[in-house]
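Reviewing the structure listed below.
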Amino acid sequence: MNKSSLKSTGADLEALRHSTSHVMAQAVMKLFPETKLAIGPAIEDGFYYDFEIGRSLTPEDLIKIEKEMAREIVADHKFESYELSKQEAIEYFKKHNQPYKVELIESLSEDKVSLYKHGGFVDLCKGPHVKSAGEIKAFKLLKIAGAYWRGDEKNKMLQRIYGTAFHSSKELDEYLENLEEARKRDHRKIGKDLDLFSIQDSIGPGLVLWHPKGALIRKEIEDFWKNEHLKAGYELVNTPHMALLDLWQTSGHLGFYRDNMFAPMEIDEFKYEIKPMNCPFHIAIYKNTMHSYRDFPIRWAELGTVYRYERRGVLHGLIRVRGFTQDDAHIFCLDSQLESEIMNIIDFVMHILSTFGFKNYDVCLSTRPEKYVGSAENWDKATGALKKALEKKKIPYEVDAGEGVFYGPKIDIKIKDVMKRAHQCSTIQVDFNLPERFDVKYIGEDGKEHRPIMIHRALMGSLERFFGVLIEHYGGAFPLWLAPVQVEIITVSDKHNEYALKIKDVFCRNGLRANFNIRNEKMGAKIREAQMQKTPYMVIVGDSEVEKNLISFRARSGEKQNDIGLDDFIGKLKEEIKNKK
RNA sequence: GCCGGCGUAGCUCAAUUGGCAGAGCAGCUGACUUGUAAUCAGCAGGUUAUCAGUUCAAGUCUGAUCGCCGGCUCCA
């Protein structure tokens, strides 16, 4: 649940949705009187309610529940709040056979509990609610899902109904249209339509095949990434995909990360492990030589491919996979450099992400969890540095208290795509664990050994996830610099094929990706095809162009221009590529 | 992993109560020679995810397995 976005949609909308969830629960109770109620809050763009019902709900049930809700809304019962003592409330819910409510009340610290009543329906609830059910003007039940009681997988699984509600049906319709738009932009669909990537049964779940067009986009991203890193004072490293199991013993991953690691394989009586992280390798490079305090900061970056075991049910297109390439970097620095390094990284993240058209972010600072390594003093120092860096950069952020990784505090940056959905990609983490475990050190000014600070960071997170987000962000219509085919050459008839091949060659020599499909098809069909493939430019040549040695073009956007010089057109494209627009 | 749903040609989808697996697009071949979002015709394409079972007969019913989808938990 995202509190900030609840705020942005308004407290009254939250009350409306919360009230709608009560009305839904009431309808469910009426249709299934044996139902045991769990919880039913408002969430970012709607609400849900968890139930234990004797049987599995079906989509038809949702329709019945909606009808029952509509009747209740017409009845327009008031929402009335009142208080009971804890004991009275427990007795009430015991009497009505509502064990989850009893458990909730028992866990409350207050002496009195607040309840809301409307119609005959009573629920444990802090409120607030709308005045009466009639205020619910537009709602829809969206999906049925399983959800663990109290979010713990050891507990019983309940049935959750998701729904949403708005103040007007116009807003509801807009929301539903938005959902439809999101479905159209689904990277799995676009990935198939544009032949960018696939994930196949014969290869294995969560393992991505990058097809030529996807791989081309990846190459452009990688080239950009590498060049920007070199400019920003990073050095590039490369490390293997596996290492002796001992390495993971030393790093501690076998202890705390085993569930996410694939089983080791045995080679020549030694056990090897496919890597779930890149950090130990970078540390190994560091440790291969002596380091002076003068060397810092050391910034090593790698597009490092890692493999992690993810439970089957969590895999999702490119967003959640089992093999992925992190745009990883590790920075070794002095305490005194931590803050400025963090600020550098923040600037760098913004620079890289904004190039892809991501201008809005949700930033979170995660602080020390209950279980942690390192001294509390170091944690405070590092957390303070992260905080100060964010404040100096005037970046608004939320604090996720206790949500840091056990080895250090972190800043997570979630990018917001054009559909305003947030995606976890970038992360900046201070690590107190690995330097200790690997005994990483440098020789200080005083001639003695000291422990450097280590920062992990990823800007795009993983190329797979980032690509998935990018596909949805652009809806498949990649900007020219990323488009796998930048120019589709289309001839009016096959008389013009020779000229088409000639200009294709000119495009290629100029480093532009031009395609000419010689297939004998009417130009209307070829334009349609290029348009559906979201090719940025179509160059059209017929008698007129061949005669005058010119070209005509049509942009994906609909922009058209006839009879321009090939050099002028190429200049235009090069300018557009340079600006990465 | 858990709850629920789904799995038919490369893609999108059909196939009465169990009764001969089909269409469009894409592909191939040929004809047409085209001016800004689909030219026409022919051909080919399948162990209906896999494996068992029920039945005279299974895409359809049952069970298991695999995978996918929506969530939960977990996370780049």
Side-chain angles (χ1 to χ4, degrees), chain A residues 48 50 52-53 55-59 61 142-162 183 186 188-189 192-193 195 198-206 257 259-260 276-278 304 306 308-328 405 412-414 423-427 429 456-466 468-469 490-497 519-533 538-545 552-556 558-562:
Chain A
Y48 68 79
D50 288 347
E52 186 188 327
I53 307 177
R55 65 167 173 86
S56 295
L57 291 169
T58 64
D61 291 325
L142 297 169
K143 54 199 169 198
I144 307 158
Y148 298 107
W149 165 236
R150 297 201 141 173
D152 188 334
E153 62 181 324
K154 289 183 203 81
N155 289 340
K156 186 164 184 139
M157 183 155 275
L158 309 172
Q159 295 190 75
R160 174 172 297 179
I161 302 176
Y162 282 96
R183 259 194 290 279
D186 191 316
R188 293 164 298 185
K189 179 175 163 42
K192 199 182 267 182
D193 291 348
D195 196 18
S198 65
I199 297 168
Q200 300 181 20
D201 292 359
S202 62
I203 305 296
Y257 208 69
D259 288 351
N260 280 293
M277 305 224 177
N278 303 302
V306 298
R308 299 181 183 174
Y309 170 75
E310 299 286 355
R311 301 202 284 182
R312 252 192 321 162
V314 307
L315 299 173
H316 179 92
L318 295 175
I319 304 297
R320 193 78 184 273
V321 293
R322 282 181 175 163
F324 57 98
T325 300
Q326 291 183 306
D327 69 318
D328 213 354
V405 202
D412 284 330
I413 299 167
K414 289 179 191 160
H423 305 273
Q424 167 71 60
C425 292
S426 317
T427 181
Q429 308 178 345
H456 307 249
R457 52 103 282 203
L459 311 181
M460 301 183 288
S462 86
L463 290 177
E464 284 73 9
R465 176 175 291 180
F466 192 73
V469 172
I490 296 169
T491 51
V492 173
S493 87
D494 57 12
K495 282 190 303 203
H496 315 110
N497 285 359
R519 165 172 97 108
N520 188 1
E521 201 53 84
K522 282 185 78 166
M523 67 178 278
K526 288 190 179 179
I527 286 170
R528 179 183 145 84
E529 174 66 13
Q531 201 72 50
M532 291 198 308
Q533 286 292 311
M538 287 153 257
V539 159
I540 294 167
V541 291
D543 285 340
S544 159
E545 287 80 1
S552 295
F553 77 84
R554 172 194 163 113
R556 173 173 67 193
E559 181 197 353
K560 269 187 256 185
Q561 200 177 323
N562 288 340

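Not measured: the values here are computed from a predicted model. These numbers come from the heavy atoms of this one structure, side chains and all, not from hydrogens, waters or symmetry mates.
Comparing the P positions of B:rG59 and B:rA21 gives a spacing of 7 Å, expressed to the nearest Å. Separation of the C1' atoms belonging to B:rU12 and B:rG45 is 16 Å when rounded to the nearest angstrom. Rounded to a whole angstrom, the distance from the P atom of B:rC68 to that of B:rA31 is 46 Å. For B:rU39 and B:rU33, the P atoms lie 15 Å apart once the distance is rounded to whole Å. When the C1' atom is used for both B:rU55 and B:rG70, the distance is 35 Å, rounded to whole Å. Rounded to a whole angstrom, the distance from the C1' atom of B:rG46 to that of B:rG7 is 15 Å. Comparing the P positions of B:rU54 and B:rU16 gives an interatomic distance of 25 Å, to the nearest angstrom. B:rA23 and B:rA14 have their C1' atoms separated by 7 Å, given to the nearest Å.
A:D193 places its CG atom 13 Å from the C1' atom of B:rG10, with the value rounded to the nearest Å. One atom, CG of A:D543, and another, P of B:rU33, lie 14 Å apart when rounded to the nearest Å. In this structure, A:I53 places its CD1 atom 13 Å from P of B:rG4, rounding to the nearest Å. What separates CG of A:D494 from P of B:rA31 is a distance of 11 Å, to the nearest Å. Between the CZ atom of A:R519 and the C1' atom of B:rU29 there is a distance of 14 Å, given to the nearest Å. Taking atom CD of A:Q533 as the reference point, atom C1' of B:rC25 lies 13 Å away to the nearest angstrom.
The partner of B:rU34, taking Watson-Crick or G-U wobble pairs whose two distances both stay under 3.5 Å, does not exist in any strand shown. In a base pair of the Watson-Crick type (N1 to N3 plus N6-O4 or O6-N4) or a G-U wobble (N1-O2 and O6-N3), with each distance short of 3.5 Å, B:rG45 is matched with no nucleotide. As the counterpart of B:rC25, B:rG10 is assigned, both hydrogen-bonding distances of the Watson-Crick or G-U wobble pattern falling under 3.5 Å. Taking a pair to require two hydrogen-bonding distances under 3.5 Å in either a Watson-Crick or a G-U wobble arrangement, B:rU16 remains unpaired. Using the Watson-Crick or G-U wobble rule with both distances under 3.5 Å, B:rC61 pairs with B:rG53. Across the strands present, B:rG4 finds its partner in B:rC69; the criterion is a Watson-Crick or G-U wobble pair with both atom distances under 3.5 angstrom. With a 3.5 Å ceiling on both atom-pair distances, B:rC74 lacks any Watson-Crick or G-U wobble partner.
A salt bridge is absent between A:E529 and A:R519; no separation between the charged side-chain nitrogens and carboxylate oxygens falls under 4.0 Å.
With hydrogens and angles disregarded, no donor-acceptor distance shorter than 3.5 Å links the side chain of A:K414 to the backbone of A:S426. Distance alone, capped at 3.5 Å, is enough to place a donor-acceptor pair between the A:D327 side chain and the A:M460 backbone. Looking at A:R308, its side chain does come within 3.5 Å of a backbone N or O of A:P276 through a donor-acceptor pair.
Residue contacts shown for A:T58 are absent, as no nucleic acid heavy atom lies under 4.0 Å away. Residue-level contact check: A:D195 touches neither bases nor backbone, having no heavy atom under 4.0 Å from any strand.
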Letter per nucleotide, 5' to 3', of nucleotides 66-76 of chain B [B base touched, S only sugar-phosphate touched, - untouched; heavy atoms, 4.0 Å]: -SSSBBBBBBB

Contact pattern, 5' to 3', of nucleotides 37-46 of chain B - B, S or - by protein heavy atom under 4.0 Å: BBB-------

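Under the side-chain contact (heavy atoms from CB on, under 4.5 Å) rule, A:I527 has a single partner from A:M532, A:K522, A:M538, which is A:M538.
When side chains are defined from C-beta on, A:D61 counts as touching A:R55, because their heavy atoms get closer than 4.5 Å.
In this structure, a donor-acceptor pair under 3.5 Å is absent between the side chains of A:R554 and A:Q561. Residues A:D543 and A:H496 have side chains that bring a donor and an acceptor to within less than 3.5 angstrom of each other. Checking A:Y148 against A:R150 by side-chain atom types alone, no donor-acceptor pair falls below 3.5 Å. If you check the side chains of A:Q326 and A:S462, you find no donor sitting under 3.5 Å from an acceptor. A donor-acceptor pair shorter than 3.5 Å cannot be found between the side chains of A:Q159 and A:D50.
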